Amino acid sequence: MTGDISQFLEKVRTRNAGEKEFLQAVTEVAESIVPFVNSVPEYRDAKILERIVEPERVIIFRVPWLNDKGEVEVNRGFRVQMNSSIGPYKGGLRFHPSVTLSVLKFLAFEQVFKNSLTGLPMGGGKGGSDFDPKGRSDNEVMKFCQSFMTELYRHVGADIDIPAGDIGVGKREIGYLFGQYKRIKGEFNGVLTGKGYEWGGSLIRPEATGYGLVYFAEEILKTNGDSLVGKKVVISGSGNVAQYAAEKCISRGAMVLTMSDSEGFIYDPSGIDQEKLDYIIRLKNVERKRIKEYANKYKCEFVPGERPWGIKCDIALPNATQNELDGNDAMLLVKNGCTCVAEGANMPCTPEAVSVFHKARIFYAPGKAANAGGVAVSGLEMSQNSQRYSWTRDEVDNKLKDIMREIHKICVRYGREKDGHINYEKGANIGGFVKVADAMLAQGVV
Ligand code: NDP
């Protein structure tokens, strides 16, 4: 690490002491961005980097609500408004017991770069709560969402800050949040994305992150004269991103071998086909049960408490959560012949894992590029809401493909190394940074 990078990081560490995930995300970006910033005196003198790591605003609030037994429960709510230089704050809400300020600052920071890469006018933000919807009745989830929005509504708006879903926040939660916002404000507008199609949502939004991830992986393979046909794919997670990534892989002729949840993973050597995937989708979205049920039904292996990275594959798609793939997992993947890792989740690979991929010269696509399809279609949902109009499925899907192709081009432009290898991490960091930095320069010291 050069002196400039370590000095910069030292200040960030002091100011954000103990915020492990946020510091991890900033360190990863700093390693490619600091040398670049130092080569552009305007960025360096305007302290763009020092400003970009400082949220514009952080809101923390109490969320009291009554459970089904009539008891009072108290959770903590957050919204991190990170950067609004290229558009209103945009980023999801996460409901999970692991949510902390550090986790949301890391996600909001990543979101700034990701949203910039989409080419759409969206700033970066993220929010959520340590509330766990798992095992709660619909009534409890509704009560919680209503209380959460009763504070959040003052800080968001269709031209101010537009939240969406993330872990633990799907169509059901967005519905309850939207209902409460509308009730308080008396306005029907595009304050949230990920809405149901009948009430202002966009076609392809539920599919967008998973589909976009696979479109991005296809671009990587295409650059190397290859395709997904016949490829063995290992997927973690069984939520929104994992489900649609699996669906697109299957339809493109790849073989999906694994999916997982927080209890372990299933390994189906004969491949998860569309019919089996439909079962998983019903299991997770309707019955809200555990992935191990799949192993009972289809007579395959369930590996409790483990992640699927030891299974031999060509492509790995970590789609569950941050830091779910470590250095040892990365070594196993490389040893077993994996040539491409594309992140559907945000920061699922630890720094040690990323370093193993770089050394092995395999393709590693960071989440801020590879999973940008979700927020891209959220941006398209905002456009449709403003026009009071809905585009067809094909129109949205084609726009999503174009956006993922364009992000891939940006990564290649900024990430090609001397030996021709494409460093997607560097490409995404610099490519995402430039537009935000230029807007910040133009808008003065604010
Ligand atoms: P979901 O809540 O729909 O699914 C999350 C999946 O990951 C579930 O299978 C869940 O298992 C598993 N999981 C969650 N936490 C852990 C954990 N600590 N350990 C092991 N497994 C875990 O979320 P999404 O699919 O929406 O999000 C997944 C990832 O993708 C996140 O990193 C998110 O930030 C990222 N992302 C999502 C986007 C979107 O559009 N939804 C957009 C861009 C990125 P279980 O059911 O047991 O909890």
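Each ligand, and each atom within it, is numbered from 1 in the order the structure gives. Source: prediction; values computed, not measured.
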Seminar exercise, completed: atom 16 (C) of ligand 1: closest protein heavy atom, distance to 0.1 Å, is Thr321 CG2, 3.7 Å
Exercise. Which ligand 1 atoms, with their elements, are less than 4.0 angstrom from a heavy-atom of Gly168?
Worked result: 2 (O)
Exercise. Is a side-chain donor-acceptor pair under 3.5 Å present for Lys276 with Ser270?
Worked result: yes
For this session: If you have a sec, work out which protein heavy atom is nearest atom 39 (C) of ligand 1 and how many Å separate them, to one decimal?
Result: Thr209 OG1, 3.4 Å
For this session: Check whether NZ of the Lys or CZ of the Arg Lys182 lies under 6.0 Å from the centre of the six-membered ring of Phe188 and within 45 degrees of that ring's axis.
Result: no
Problem set entry | For atom 6 (C) of ligand 1, closest protein heavy-atom neighbour |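 Sorting protein heavy atoms by distance from atom 6 (C) of ligand 1 puts Gly239 N, 4.0 Å first.
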For this session: Would you kindly specify which portion of Ile291 sits under 4.0 Å from ligand 1, judged on non-hydrogen atoms: side chain, backbone, both or neither?
Result: neither
Problem set entry | Arg307 contact mode with ligand 1 (heavy-atom cut-off under 4.0 Å) | side chain
For this session: Write out the residue and atom name of the closest protein heavy atom to atom 48 (O) of ligand 1, then the distance separating them to 0.1 Å.
Result: Lys134 NZ, 2.9 Å
Exercise. Taking non-hydrogen atoms only, is Arg94 closer than 4.0 angstrom to ligand 1 via side chain, backbone, both or neither?
Worked result: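 The side chain, only.
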Problem set entry | Element-labelled atoms of ligand 1 that are located less than 4.0 Å from some non-hydrogen atom of Ser260 |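 It comes down to these atoms of ligand 1: 9 (O).
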For this session: Determine, considering heavy atoms only, which of Asn323, Asn346, Val241, Val377 sits nearest to atom 24 (P) of ligand 1.
Result: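 Looking at heavy atoms only, Val241 sits closest to atom 24 (P) of ligand 1.
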Problem set entry | Which segment of Glu263 sits under 4.0 Å of ligand 1 when only heavy atoms are counted |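 Neither part.
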For this session: Identify the protein heavy atom lying closest to atom 45 (P) of ligand 1, giving its residue, its atom name and the separation to 0.1 Å.
Result: Ser262 OG, 3.5 Å
Exercise. By number and element, which atoms of ligand 1 are closer than 4.0 Å to a non-hydrogen atom of His96?
Worked result: 15 (N)
For this session: List every atom of ligand 1 that sits less than 4.0 Å from any heavy atom of Asn319, numbering the atoms from 1 in the order shown and giving each element.
Result: 28 (C), 29 (C)
Exercise. Heavy atoms, side chains only, cut-off 4.5 Å: are Lys231 and Cys340 in contact?
Worked result: no
Seminar exercise, completed: ligand 1 to Gly344, heavy atom cutoff 4.0 Å, flagged ligand atoms 30 (O), 35 (C), 36 (N), 44 (C)
Problem set entry | Atoms of ligand 1, numbered as shown, that sit under 4.0 Å from any heavy atom of Ala345 | 29 (C), 30 (O), 32 (O), 35 (C)
For this session: Indicate the ring-plane relationship of Phe109 and Phe113, choosing parallel, tilted or perpendicular according to the 30° and 60° boundaries.
Result: perpendicular
Seminar exercise, completed: closest protein heavy atom to atom 28 (C) of ligand 1 is Ala320 O, 3.3 Å
Exercise. Taking atom CZ of Arg76 as the centre, does the number of heavy atoms from other residues, nucleotides or ligands within less than 6.0 Å exceed 12?
Worked result: no
Exercise. Hey, mind stepping through Glu395 and Leu203 against side-chain contact (heavy atoms from CB on, under 4.5 Å) and telling me if it holds?
Worked result: CA-CA 9 Å; Glu395 280 174 312; Leu203 292 170; over 6 Å; no
For this session: For atom 46 (O) of ligand 1, grab the closest protein heavy atom and report residue, atom and distance to one decimal in Å.
Result: Lys284 NZ, 3.7 Å
For this session: State whether the shortest distance between N or O atoms of Asn240 and N or O atoms of ligand 1 falls below 3.5 angstrom.
Result: yes
For this session: Within a distance under 4.0 Å of any heavy atom of Gly237, pick out the atoms of ligand 1 and give their elements.
Result: 9 (O)
Exercise. How about Ser390 and Gln384: does a side-chain donor come under 3.5 Å of a side-chain acceptor?
Worked result: no
For this session: Look at ligand 1 and say whether Gly165 reaches it with a heavy atom at a distance under 4.0 Å.
Result: no
For this session: Verify whether one side chain among Asn67 and Lys143 offers a donor that lies under 3.5 Å from an acceptor in the other.
Result: no
Seminar exercise, completed: ligand 1 to Arg205, heavy atom cutoff 4.0 Å, flagged ligand atoms 40 (O)
Exercise. Can you find a protein heavy atom under 4.0 Å from atom 20 (C) of ligand 1?
Worked result: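 Protein heavy atoms within 4.0 Å of atom 20 (C) of ligand 1 - there is at least one.
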Exercise. Step by step, would you call Phe357 with Phe363 a ring-ring contact (aromatic ring centres under 6.0 Å, His included)?
Worked result: CA-CA 7 Å; Phe357 299 144; Phe363 293 106; over 10 Å; no
Exercise. At what distance is the nearest protein heavy atom to atom 34 (O) of ligand 1, and which residue and atom is it?
Worked result: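 Answer, as residue, atom name and distance: Asp166 OD1, 2.6 Å.
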Exercise. Are any of the heavy atoms in Ser238 under 4.0 Å away from ligand 1?
Worked result: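 Contact check Ser238 vs ligand 1: positive.
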For this session: Check whether the side chains of Tyr215 and Asp397 place a donor and an acceptor atom closer than 3.5 Å, and report yes or no.
Result: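 Tyr215 vs Asp397: donor-acceptor pair found between side chains.
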Problem set entry | CD (Gln387) with more than 12 external heavy atoms under 6.0 Å | yes
For this session: Mind checking whether Ser236 contacts ligand 1 via backbone (N, CA, C, O), side chain (CB onward), both or neither, at a 4.0 Å heavy-atom cut-off?
Result: neither
Exercise. Looking only at heavy atoms, is any part of Met259 under 4.0 Å from ligand 1, and if so is it the side chain, the backbone, or both, or is it neither?
Worked result: neither
For this session: Would you check if the distance from the ring center of Phe148 to the ring center of Phe61 is below 6.0 Å?
Result: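 Ring centroids of Phe148 and Phe61 are less than 6.0 Å from each other.
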Exercise. Are side-chain N/O atoms of Asn75 and Ser129 paired as donor and acceptor at under 3.5 Å?
Worked result: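 On atom types as modelled, these side chains do not qualify, holding no pair under 3.5 Å.
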Exercise. Arg290: heavy atom below 4.0 Å from ligand 1, yes or no?
Worked result: yes
Problem set entry | 4.5 Å side-chain heavy-atom contact, Asn83 and Met440 | yes
For this session: Go through the side-chain N and O atoms of Asn346 and Gln111 and say whether any donor and acceptor fall under 3.5 Å apart.
Result: no
Problem set entry | Pair His155-Gln81, side-chain donor/acceptor within less than 3.5 Å | no
